[in-house]
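So that the names make sense, note that chain A is the first sequence line, chain B the second, and so on, each numbered from 1.
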Amino acid sequence: MLSLDFIRENPEAVRRAVADKHDAADVDRILALDSSRRSKLTEVEALKAERNAGSKEVGRLMKEKRDEAEKLKSRMKELGDKVAAIEKELAATQEELDGLLLRVPNVPDDSVPAGAGAEGNVEVRSWGQKPEFSFQPKAHWDIGEALGILDFPRATKISGHGFTVFKGLGARLERALIAYMLDLAAKAGYTEVAVPYLVNRASMTGTGQLPKLEEDMYKLAADELYLIPTAEVPVTNLHAGETLQAEALPLKYCCYSACFRREAGSYGKDTRGMIRVHQFDKVELVKIVREEDSPAEHEALTADAERVLQSLGLHYRTMLLCRGDLSFAAARCYDIEVWAPGQGRFLEVSSCSNFRDFQARRMGLKYKDGQSKPRFCHTLNGSGTALPRLVVALLETYQQADGSVLLPEPLRPYLGGLERIKS
RNA sequence: GGAGGGGUGCCCGAGCGGUCGAAGGGGCCGGUCUUGAAAACCGGUAGAGGUUUCGGCCUCUCGCGGGUUCGAAUCCCGCCCCCUCCGCCA
């Protein structure tokens with residue numbers, strides 16, 4: 001969330017961010033509500049001050065058993081009624097304002113390129129090369145089913161479209177990758193956490209999924225709980241409402257979790273295989289940092305995510321998202337896209353975002369050093385990385401003419417020394 | 001799920017409906033004393049918001065939300081969380 005001060009002082013920048021992010025937030029309405037809120041507040045606070053003073057006076061008069069007390073009491077009663085009336089209006093104004101404020105997207109950082117959508121994103125670097133094949137590379141669904149490690153029909157049978165069953169070495173590969181990536185993150189100084197997959201509304205609001213993206217979430221209506229779309233939600237909210245000591249920052253967490261996404265509105269897209277699914281595994285990297293450190297920490301986090309792909313020998317490119325492709329809460333974001341030979345295209349396996357103080361303000365996450373006033377932390381996160389698409393890239397990149405799949409060296413210890421998956 | 005107990009400032013802990021943003025203790029910061037330190041003593045030690053002639057002034061916050069009252073940390077209602085016992089269960 002943006003501060004009202006910021007919106008008041010930079011209405012043009014906010015309007016531009018709203019437009020560029022293809023959002024519909026009503027900045028003018030917010031400005032109007034803010035001004036009406038403040039005038040009502042000033043009015044009601046003056047009345048309250050008068051009432052507070054009057055009430056003290058009543059107490060004094062009653063102690064002295066003076067009958068002026070009754071007269072003053074009834075005058076204060078009238079004042080109180082007036083206060084209640086204005087407060088009712090104020091509460092309505094405040095409620096509408098809060099609601100609108102939560103729907104204003106973050107303002108992109110100055111370094112973010114202009115652009116309307118994905119085509120405006122800028123490739124900042126790439127690593128490795130597209131592998132060459134002496135045969136026509138197959139798609140992961142063919143490779144996986146032939147090897148008996150992926151079973152889409154049965155996943156559909158038990159849950160529906162958009163779910164995956166991993167079997168045998170497929171399941172083992174999934175587990176190996178999780179362990180491998182967590183170990184990598186631990187080496188980079190991230191503290192591993194394991195967190196709930198069901199979170200309350202406040203947590204979802206804290207990181208910015210709610211109220212805007214309600215229809216993208218799986219919700220358990222009976223309990224007012226949501227299935228997490230990413231570990232970002234529970235992990236970033238770990239410190240919601242806290243004021244941290246500046247010396248304790250940066251906090252770096254890594255977390256494996258299952259992720260649940262309804263993918264509303266993307267029906268008909270990526271329908272085959274496991275490029276777009278309702279449930280997937282992911283290792284997430286989260287940082288809570290000081291304001292002045294967030295740009296450098298963002299670069300470092302992106303490098304940490306890229307290392308996963310480098311160490312597995314997978315070709316990828318890193319894209320700096322343009323203003324139009326930036327998500328609601330992000331101020332700056334790198335997408336890391338891995339090459340999938342069977343698809344003939346790059347797949348996004350990580351979005352490394354700097355939210356600046358946008359999430360921290362929503363969740364009341366602050367830090368303070370010495371005498372200074374508490375300031376909002378900056379929060380960042382990125383996948384390190386999402387599993388299904390990583391497995392897609394792995395299977396499609398390392399597939400052999402005989403249908404087997406070679407395993408990259410660093411992964412082998414996690415699979416009991418196995419060098420290749422074959423049927 | 002049932003019964004009971006409880007949620008107060010950085011921590012512990014007190015708080016007849018009135019001058020309580022809150023006693024007392026501890027911690028922390030500053031000072032006095034000291035060659036230095038400890039002890040002792042003195043002082044300070046929340047956040048958010050509004051307003052400001054930038055000295056302040058005002059409002060709100062004692063788990064959260066409502067209510068009663070001239071006035072609520074204190075009374076009433078709902079919710080959340082923690083603890084104990086019982087039940088159930090991996």
ask   = Nearest of B:U51, B:G49, B:C60 to any side-chain atom of A:R38?
value =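 The listed nucleotide nearest to A:R38's side chain is B:U51.
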
ask   = Which listed nucleotide (B:U59, B:C70, B:G50) is nearest to the side chain of A:K77?
value =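 Nucleotide nearest to A:K77's side chain: B:C70.
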
Is it the case that atom [atom1] in [X] sees more than 12 heavy atoms from other parts of the structure closer than 6.0 Å?
X: A:E95; atom1: CD; value: no
X: A:R75; atom1: CZ; value: no
X: A:R412; atom1: CZ; value: yes
X: A:K219; atom1: NZ; value: yes

Starting at atom [atom1] of [X], determine the distance to atom [atom2] of [N], rounded to an integer number of angstrom.
X: A:E247; N: B:C28; atom1: CD; atom2: P; result: 15 Å
X: A:K48; N: B:G49; atom1: NZ; atom2: C1'; result: 11 Å
X: A:E87; N: B:G66; atom1: CD; atom2: P; result: 9 Å
X: A:R51; N: B:C60; atom1: CZ; atom2: C1'; result: 11 Å
X: A:D34; N: B:G50; atom1: CG; atom2: P; result: 8 Å
X: A:N200; N: B:C80; atom1: CG; atom2: P; result: 12 Å
X: A:E242; N: B:G47; atom1: CD; atom2: P; result: 17 Å
X: A:K82; N: B:C70; atom1: NZ; atom2: P; result: 16 Å

For a quick test of reading the model: is some side-chain N or O of [X] closer than 4.0 Å to OP1 or OP2 of [N]?
X: A:K373; N: B:A48; value: yes
X: A:R37; N: B:G49; value: no
X: A:N52; N: B:U59; value: yes

request  = Could you tell me whether A:R375 and A:D357 have a side-chain N and a carboxylate O separated by less than 4.0 Å?
outcome  =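 Looking at A:R375 and A:D357, the cut-off is not met.
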
ask   = So, A:E96 and A:R29, do they make that salt bridge, N to O below 4.0 Å?
value =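 Yes, charged N to carboxylate O under 4.0 Å.
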
ask   = Between A:V44 and A:P374, which is nearer to the 5' end of RNA chain B once each is assigned its nearest nucleotide?
value =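 Its nucleotide being nearer the 5' end, the pick is A:P374.
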
key: Residue mapping more 5' on RNA chain B - nearest nucleotide basis, A:D5 or A:E50   =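 Closer to the 5' end of RNA chain B: A:D5.
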
ask   = What are the two closest non-hydrogen atoms of A:V122 and A:P113, and how far apart are they?
value =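 Shortest heavy-atom separation between A:V122 and A:P113 comes out as CG2-CG, 3.8 Å.
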
Quantified in whole Å, what is the [atom1] atom distance between nucleotide [N] and nucleotide [M]?
N: B:U53; M: B:A38; atom1: C1'; value: 50 Å
N: B:G47; M: B:U8; atom1: C1'; value: 15 Å
N: B:C76; M: B:U69; atom1: P; value: 16 Å
N: B:C77; M: B:U68; atom1: C1'; value: 11 Å
N: B:C16; M: B:A73; atom1: P; value: 13 Å
N: B:U19; M: B:G87; atom1: P; value: 48 Å
N: B:G21; M: B:C60; atom1: C1'; value: 11 Å

Chi-angle category of B:G4 [syn within 90° of 0, anti beyond] =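 Classified anti.
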
Atom pairs, protein N/O to nucleotides 15-19 of chain B N/O, distance under 3.5 Å:
unit_1, atom_1, unit_2, atom_2, d
B:G18, N2, A:S55, O, 2.6
B:U19, O4, A:K63, NZ, 2.3

key: Sub-6.0 Å ring centroid separation between A:Y197 and A:Y218   =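 No; A:Y218 has its ring centre 6.0 Å or more from that of A:Y197.
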
Base, sugar-phosphate, or nothing: which does [X] touch, judged by heavy atoms less than 4.0 Å apart?
X: A:K366; answer: sugar-phosphate
X: A:R75; answer: nothing
X: A:L41; answer: sugar-phosphate

key: Beyond-backbone contact of A:L102 with A:M1, side-chain heavy atoms, under 4.5 angstrom   =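 A side-chain contact exists here, since the closest heavy-atom pair is under 4.5 Å.
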
